[in-house]
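Okay, structure first, notes after.
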Amino acid sequence: MSDLDEFKATYFDECSELLIDLEEQFTAIQDGDKSSDRMNAIFRAIHSIKGGAGAFGFTSLVGFAHEFETLLDFVRNDKIDFTNEVIKLCIRSNDLVADFVEAARNGEELDPEYGATEKAKFVALCKASSGDSDDESGEPMEEFDIEFTPVLVEMEEPTEEVTEGWLVEFIPFRELYASANDPLLLLRELAELGEVEVKAILKDIPLLTDFEPFSVYCTWEITIKDKDIEEESIREIFEFVDGDCELKITKFEMPIDEQAFNEDAKSEDLSDQDLEEDEDMPSFADLAAEIAPKAPPKPESEKSVPKTADNVAGDTKTPPKAPPVGMQSIRVDLDKVDRVVNMVGELVITQSMLTQQMDDNLRHRYQELVRGLEVLATTTRGLQDSVMAIRAQPVKSVFSRMPRLVRELASKTGKKIKLEMVGENTEIDKTVIEQLSDPLTHMIRNSADHGIESVEKRVESGKEETGTIRLSAEQAGGSILIIIEDDGAGINRERVLQLAREKGVVGEEQQLSDDQIDNLIFAPGFSTVEEVSDLSGRGVGMDVVLSNINKIGGSVIVKSVPGRGTRMTLRLPLTLAVLDVMLVRVADCPYVIPLSSIVETMQCARVEFGRLPTGARVLKVRGEYVQSMDLASHFEMTTDVNEKDRFVVLCEAEGTNKLALIVDAIIGQQQVVIKSLEENFERIEGIAGGTILGDGSVGLIVDVQGLKNSISNQRTAAA
Amino acid sequence: MEALNIKDDYENGEISAENSLQLIAFSLGDQTYSVEITTVREIRAWNGATPLPNTREFVRGVINLRGTIVPIFDLRARFGDGQTSPTKTHVVVVMSVGEKWVGILVDAVSDILTINKNDIHPVPEGNSSGDSELLRGIITHNDQMVGMIDLHAVIDGAKIEE
């Protein structure tokens with residue numbers, strides 16, 4: 001990787017963080033918080049994206065971001081009213097910026113017309129508010145269907161008269177910054193006296209090679225168009241820089257048209273400086289001035305928390321809002337962290353192996369050793385927790401993509417959908433978060449597409465026009481719960497069952513409980529929508545969601561109340577690094593089964609099996625018939641263990657769907673580190689991965705869901 | 001195991017540096033095969049492997065190589081001569097193939113050969129057993145035929161397709 005590539009990678013990392021932040025700010029603004037802190041935060045973020053893009057030559061991104069920034073600048077300086085229409089435009093533009101960044105990241109070029117409509121709107125808005133001194137002023141921008149009121153900066157009526165005023169030439173010495181002075185502050189103060197026009201003289205700016213970052217190369221000519229101001233009050237402003245600059249103050253008279261010609265419009269001038277800061281020194285100071293005195297943007301997650309969620313919010317980790325005085329953080333390559341996590345995982349396992357080796361005899365003889373091992377156990381646990389905390393990330397990084405998704409879904413379906421998010425600060429291991437994005441996107445799509453009804457239907461059934469999708473995250477013991485709720489129509493059980501029968505997922509005579517029917521939407525090859533819709537039906541059903549979630553050791557449960565809505569609960573492990581498993585033996589080979597999927601274990605001698613006409617064996621357990629699978633014969637291995645001495649491990653696959661695995665022996669419970677088989681080999685059906693056992697040999701992790709699916713596949717193949 | 005005769009090759013002085021190629025030779029029954037020395041990562045004694053389900057018979061399973069899971073291929077079985085019954089004296093040659101690390105189970109490592117690239121003969125085509133596809137070339141060493149293994153071909157098709 002070349003240096004430039006590395007910088008680029010860092011830039012895109014930063015972009016993703018900034019986009020997440022932007023999304024958060026806009027969500028808050030949408031909820032009615034239009035404080036200037038937010039506007040400034042947004043402005044800064046867009047500005048940073050633009051700056052980096054310029055450095056890497058992403059011209060289309062720069063172009064768009066620049067126009068967007070101009071608009072934002074007008075908004076934050078109250079030159080444009082922040083009406084709902086403008087907010088909408090901003091949010092839409094924010095999405096476009098994300099698209100541009102994505103395109104740049106993938107090295108793609110977007111259509112040159114991409115975002116042109118929005119750009120045109122920016123220009124129109126800005127023109128309307130800044131160009132008020134010329135003819136366009138006050139002209140309503142009919143061609144754009146945006147409601148806005150051009151806010152006029154207070155200014156004199158253009159007259160034919162000669163204007164009198166002051167011309168201030170401000171020529172700071174190079175060392176101005178050294179005495180902690182900032183030209184921008186002075187200019188702002190001047191602006192408070194009356195109408196000002198500021199012109200920066202840039203001719204003294206040297207070549208970049210000779211450029212001293214802490215020197216001032218600009219000089220300014222400031223015109224104050226108010227003859228009534230005392231020279232004294234102007235001098236007062238510059239009192240602090242006395243001795244650091246040359247100051248010439250002269251009274252002048254000037255015809256109005258020349259004045260208008262001279263400087264386009266005072267308002268535009270200040271903002272121009274902000275924008276052209278790449279070449280323009282003062283704007284660095286400007287930016288610094290912007291950033292420094294402002295309080296950091298308050299994390300806004302709580303604002304969007306509905307009252308009912310108090311208990312949920314209480315569980316989530318919301319750090320106290322202390323202002324970050326100098327960020328106490330470092331950027332570390334994820335690979336390095338992963339290496340530490342893996343090693344700590346190994347350490348935990350070695351430690352538990354050592355502890356297991358201690359029998360009573362040894363315990364008695366080597367008491368010091370026992371004590372040492374106990375301390376080691378505590379320390380390794382602590383180490384593991386701390387290391388996991390390093391890699392933990394708030395789910396926000398995934399959640400933040402959802403508002404945009406919902407907006408797009410709403411506009412495509414013509415439905416009105418509101419997204420509520422709770423507990424975005426809940427932290428999960430980064431590896432889990434990475435796996436979460438696709439399933440979550442799919443489930444939200446599903447909710448928006450199938451769950452929420454059209455406006456007419458909602459009104460008909462006496463609901464609010466706007467449907468709500470609620471996305472929440474909370475920690476519950478050793479797992480994380482992610483809940484996606486909608487107040488839509490709920491699952492149409494009749495239709496689901498009918499379709500499932502048509503597709504052979506469920507037998508004609510089979511009777512199912514409501515819960516079982518609800519969970520049918522996760523069955524492989526099942527989709528309630530016959531026509532592939534653009535949104536959710538991409539030939540990928542909810543079964544893929546389920547298998548993705550299962551892959552990371554999680555589970556999904558769906559609950560639906562007809563007419564009131566659907567709730568899907570994802571239960572995810574806190575980490576993927578260490579897995580609690582049951583170690584079993586099949587034909588002399590060690591296998592491990594994730595503890596999270598085991599319901600119970602039984603001796604074969606004590607259970608009852610039945611046989612289906614197909615030859616498949618079913619286990620009868622507490623009045624329920626569960627499909628059983630002999631792991632040895634499924635894996636085509638031979639075992640000489642007597643049938644009666646074998647064990648049944650009852651596993652839970654999807655939701656309430658169970659599978660009974662028959663193994664030779666149960667060895668015990670332990671923690672293992674998941675190792676990839678694909679790294680050096682390839683994926684094997686029924687095996688989720690491997691792990692290193694205490695004796696150094698490799699154990700294989702049983703993929704319960706995969707096994708269950710393979711049975712279903714066989715059945716469909718046979719049918 | 002024969003004495004290594006690396007020195008002999010160098011002392012001949014006939015092989016120029018840019019044309020030379022070093023191979024590790026190993027025996028499988030009375031046959032000798034070889035792989036490029038640069039691909040070999042490690043040679044270790046056979047110490048068992050965990051069998052993998054749903055794979056062809058030449059996949060002996062996986063081993064733990066310092067925390068990484070590495071698959072082991074039985075070269076004899078790959079050539080269609082039935083599975084090796086490995087003992088402690090059998091050897092696993094761990095090699096890198098592209099991004100992946102794989103091990104092949106052989107009877108013994110016999111030699112390090114330095115050969116001239118120009119001395120590599122093409123593999124005669126039309127071998128009905130398909131074994132020829134597993135070789136990249138043939139060289140002659142001490143009047144003995146030494147096949148150069150095509151690793152990509154050897155590890156291909158390990159899974160049983162449904």
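Lettering follows sequence order; numbering is per chain, from 1.
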One should read off an interatomic distance between K100(B) NZ and E682(A) CD, to the nearest 0.5 angstrom, of 6.0 Å

Minimal heavy-atom distance between N64(B) and V698(A), with the atoms involved, is N-CG2, 3.4 Å

If one checks every heavy atom of V62(B) against chain A at 4.5 Å, the contacting part turns out to be both

Does T691(A) reach the side chain of I69(B), with side-chain heavy atoms less than 4.5 Å apart? no

If one checks every heavy atom of I63(B) against chain A at 4.5 Å, the contacting part turns out to be backbone

Here the gap from E685(A) atom CD to T55(B) atom OG1, rounded to the nearest 0.5 Å, amounts to 13.0 Å

Answer key: most heavy-atom pairs under 4.5 Å with chain A among P51(B), G61(B), S96(B) is P51(B)

| task | State, with a plain yes or no, whether a side-chain heavy atom of N680(A) is found less than 4.5 Å away from one of L65(B). | result | no

Next on the checklist: Taking CG in D588(A) as the centre, count heavy atoms belonging to other residues, nucleotides or ligands within less than 6.0 Å. Is the count above 12?
Outcome noted: no

Any side-chain heavy atom of P53(B) within less than 4.5 Å of one from L700(A)?
-> yes

